[in-house]
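Note sheet for the following structure.
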Amino acid sequence: MELQLGLALPTPNMLKGFDLNNHGLDQLKEMGGLEAWNKAAGCFADKDCVKSKRSFEQAFGNFTEECRTKPLLLWSGQPNEEEDHKDQKKATFSTTDENDAEEDDQVVGWPPIKTWRKKIFQQQQQPRVGRAENNRVAENENGRSIYVKVKMEGVAITRKIDIKVYHSYQSLTNSLITMFTKDKECNEDDYILTYQDKEGDWLIAGDIPWQNFVRSVQRMEIVRNWG
Amino acid sequence: MHKKMAFSFPDEVLEHVFSFIQSDKDRNAVSMVCKSWYEIERWCRRKVFVGNCYAVSPRMVIRRFPEFRSIELKGKPHFADFNLVPDGWGGYVFPWIAEMAGAYPWLEEIRLKRMVVTDESLELIAKSFKNFKVLVLSSCEGFSTDGLAAIAASCKNLKELDLRDCEVDDLSAHWLSHFPETYTSLVSLNISCLGSDEASFSALERLVRRCTNLKTLRLNRAVPLDKIANILRHAPQLVEFGTGTYTADVRPDVYSDLAGVFSSCKELKSLSGFWDVIPDYLPAIYPVCSKLTSLNLSYATIQSPDLIKLVSHCPNLQRLLVLDYIEDSGLEVLASSCKDLQELRVFPSDPFGAEPNVSLTEQGLVAVSLGCPKLQSVLYFCRRMSNEALVTIARSRPNFTRFRLCIIEPKTADYLTLEPLDVGFGAIVQYCKDLRRLSLSGLLTDRVFEYIGTYAKKLEMLSVAFAGDSDLGLHHVLSGCESLRKLEIRDCPFGDKALLANAAKLETMRSLWMSSCAVSFAACKLLGQKMPRLNVEVIDERGPPDSRPENCPVDKLYIYRSIAGPRFDMPPFVWTMDEDSGLRLS
């Protein structure tokens, strides 16, 4: 009878026989080879396993046999030899080091915060002077601030903003309005926000999805709406 | 003459009895009593749960359970949440939808977690299941609002559409208008993960207005504060509500609108959302606070005094998610005000900063453990811990079932004694006898694993990072934790020995994940060869593992039991070790 859903087979009760305090590792040390290990496993299975599994056998045939999978390596109970340990450690951490070098000392996936939550959190950070340098950069492109020049028609001084702080066109335009209405009295409907993309073309902001916009904007200009 | 009483019941009676048995575990147990119970049970099982979509094939499920109405599937391993599973690893739902579309036109509910869902899959769902009612996608990706539009347009009986933490390609907010004007059956809508800018407010408002049975509504960040009042006005019956952005210029009319509309929501028990919160608007929710049992402020970047004020208004709180801005002082207030608290999650506001930016330490967790007698589930990010604190926590709160502690800097020692935190976590597993889930952090030696193997007999899921000294640690866990189902390990010096010595254990678990550890390719091959009922997947983006010496450690290893055999949808950086791999690759 084939194995089907729902069969969470308890390991044959050889685990129960494993009292960490008494047998466990001492017993393992005493065992000579793989045969001795099998014998012990067999013992446990004979005493505890078969009785309680009778009903399973009746229903499902012979898989109790298969259950008693033999461990593949003699466990000597000794911690790794010091040399092995060091080598393995080197091997382990060399990969981490590579990642580190690429991503500014950042360990991938640590601390364990869901990617989605991290994105929201980064979008909320207020730009503070010097903070971009102090912050360790997170994975991929989500961490670094992206500063973009913003010019307004009729205003002499150009501003610079961190586009990463905003999550939508709405929040961007709100902030720009606040920023520029200090310099110049104006009605927001008279103006259009335009931007220059990676190809050098000037486009009206708002046509493409926000994330695409963030990736392609080079600079922005607020121009008067003559239309 | 002995009539066997058990067999004198007709099938219909047994079926009726079984209908009261809902939990999967119990159903599985029932099915194993005898052949006839197995048969009866499989015909009347209505809800199927598949914890690992690769453990079994869709056809096997359909063959065994011919009449299920609801399916729950989980795909990627948990560490995929933290970017440890490369894109393209797998977890595609389409093959399941395709098989079920043919076999089950009456399927009503699909719940998916960490799976790749395409627009094609959503369109197939919309087309195939005429009585489709519930779609819950949790941490899924691969689809866009076009797929959602298909669901909205075709599923006339849809009751629940819940997108939690999904990555959705937000092409257009107009998908909401695809719900026909005649559609009124919505009970639960969670679109909090959608980002689109020009949310179709009018379509949303109209939808809310005509769906008078709506109980759960979680909006996304694009919905501005002044629109919330309009929406809530039409849904005073809501039990769970997630705001959009909670910021606006402070205007008395917006405030009074908001306060008024919250006062009329007499059934509200759960609040979430609160992106970009401005504290001035918080008191608007005070009218509902006394009835609140669940509050998610984990996106609210407000400081401790405002958080304290809010929390003090919520004496019936059972579940709180919050940022570490709450600080120790805030948690002390929580401990004295919220005696019904069962679950607490404290997230870091500045996880990548080198220095602590808030005054949140182990003291906060101690205060809550001492003060909240019903506390059983905790997820806590902090920057320092002591054995003393952990022992106090364990002794005062032995009813923990889930304990997840993340000390932000890996391998941080006890800040008082500079010792490892073995004793502290040892106390947790010793005193909390019903502990089902544990996440470790800080400086830990093999000792902590000995404690875990000895005491954590009910532990089902263990997460380990940057811990242990040798294979002994892993051996303690695999040989001692009888109830272990999921084990995930990263950056620990665990190698071949413990894994191979406990190979049989792996068949009793759902899965094992090991990344940046010391398991060699040779060991993986051996395991794959000898254990046909395990899928041993080596995930390595550096290139084929056989291009390196056999004793080289593999980058990532994912082992899970399966009766479906090796899968065939693997990307180029995943290799399954099977019986032939030993011959082919050596």
Side-chain angles (χ1 to χ4, degrees), chain A residues 2-12 15 18 20-21 24-25 55-56 59 68-77 79-80 84-85 88-89 91-92 95-96 106-118 120-121 124 134-139 143 167-170 209-211, chain B residues 28 31-32 34-35 56 60-61 64 79 81-84 165 167 170 193 195 197 221-222 276 299 301 347-348 351-354 381 406 408 410 446 453-454 465 469-472 475 479-480 482 491 493 495 497 500-505 507-508 516-518 526-527 530-531 552-553 555 563:
Chain A
E2 58 179 323
L3 286 178
Q4 300 204 341
L5 278 183
L7 293 179
L9 304 172
T11 311
L15 277 188
F18 241 112
L20 274 177
N21 293 329
L25 309 166
S55 56
F56 292 167
R68 260 182 275 140
T69 328
K70 304 165 175 72
L72 298 176
L73 196 71
L74 172 65
W75 174 249
S76 71
N80 296 338
D84 283 354
H85 181 46
Q88 285 171 344
K89 221 177 181 168
T92 314
T95 356
T96 333
Q106 188 70 33
V107 178
V108 174
W110 191 266
I113 303 171
K114 285 190 182 169
T115 322
W116 186 63
R117 187 176 284 281
K118 254 199 292 230
I120 305 282
F121 156 70
Q124 283 187 324
N134 288 341
N135 264 352
R136 274 195 267 166
V137 175
E139 283 95 272
H167 62 277
S168 65
Y169 288 110
Q170 187 72 39
W210 173 255
Q211 290 303 327
Chain B
N28 292 344
S31 70
M32 298 219 272
C34 64
K35 278 190 179 138
V56 70
M60 286 171 165
V61 175
R64 180 171 171 188
F79 272 175
D81 284 354
F82 316 128
N83 278 4
L84 287 176
D165 297 357
E167 297 236 3
D170 227 320
C193 62
D197 306 300
R221 202 170 171 188
D276 320 305
Y299 304 112
T301 49
F347 295 97
F352 305 112
F381 284 82
C406 178
I408 289 178
D446 285 344
T454 309
D469 309 308
S470 74
D471 273 46
L472 204 52
H475 175 71
S479 56
E482 294 167 358
D491 294 276
K497 297 198 181 95
L500 294 176
N502 291 282
K505 171 72 174 171
E507 267 185 19
T508 70
S516 304
C517 294
L526 188 59
L527 206 54
K530 298 291 182 187
M531 310 287 290
C552 254
D555 184 23
I563 53 174

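Here the closest heavy-atom approach between residue A:P112 and residue B:F381 is recorded as O-CZ, 3.4 Å. Nearest heavy atoms, A:V108 versus B:N83: CG1-O, 4.0 Å.
Taken to the nearest 0.5 Å, the CG atom of B:L84 stands 10.5 Å off from the CH2 atom of A:W110. Distance check, rounded to the nearest 0.5 Å: OG1 of A:T115 to CG of B:D165 gives 9.5 Å.
In this structure, no portion of B:C552 lies under 4.5 Å from any heavy atom of chain A. Using a 4.5 Å cut-off between heavy atoms, B:F347 touches chain A through its side chain atoms alone.
Counting heavy atoms from C-beta outward, B:D170 and A:P209 have side chains that stay 4.5 Å or more apart.
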Can A:K118 and B:F82 be said to form a side chain to side chain contact (heavy atoms under 4.5 Å, CB included), step by step? CA-CA 10 Å; A:K118 254 199 292 230; B:F82 316 128; over 6 Å; no

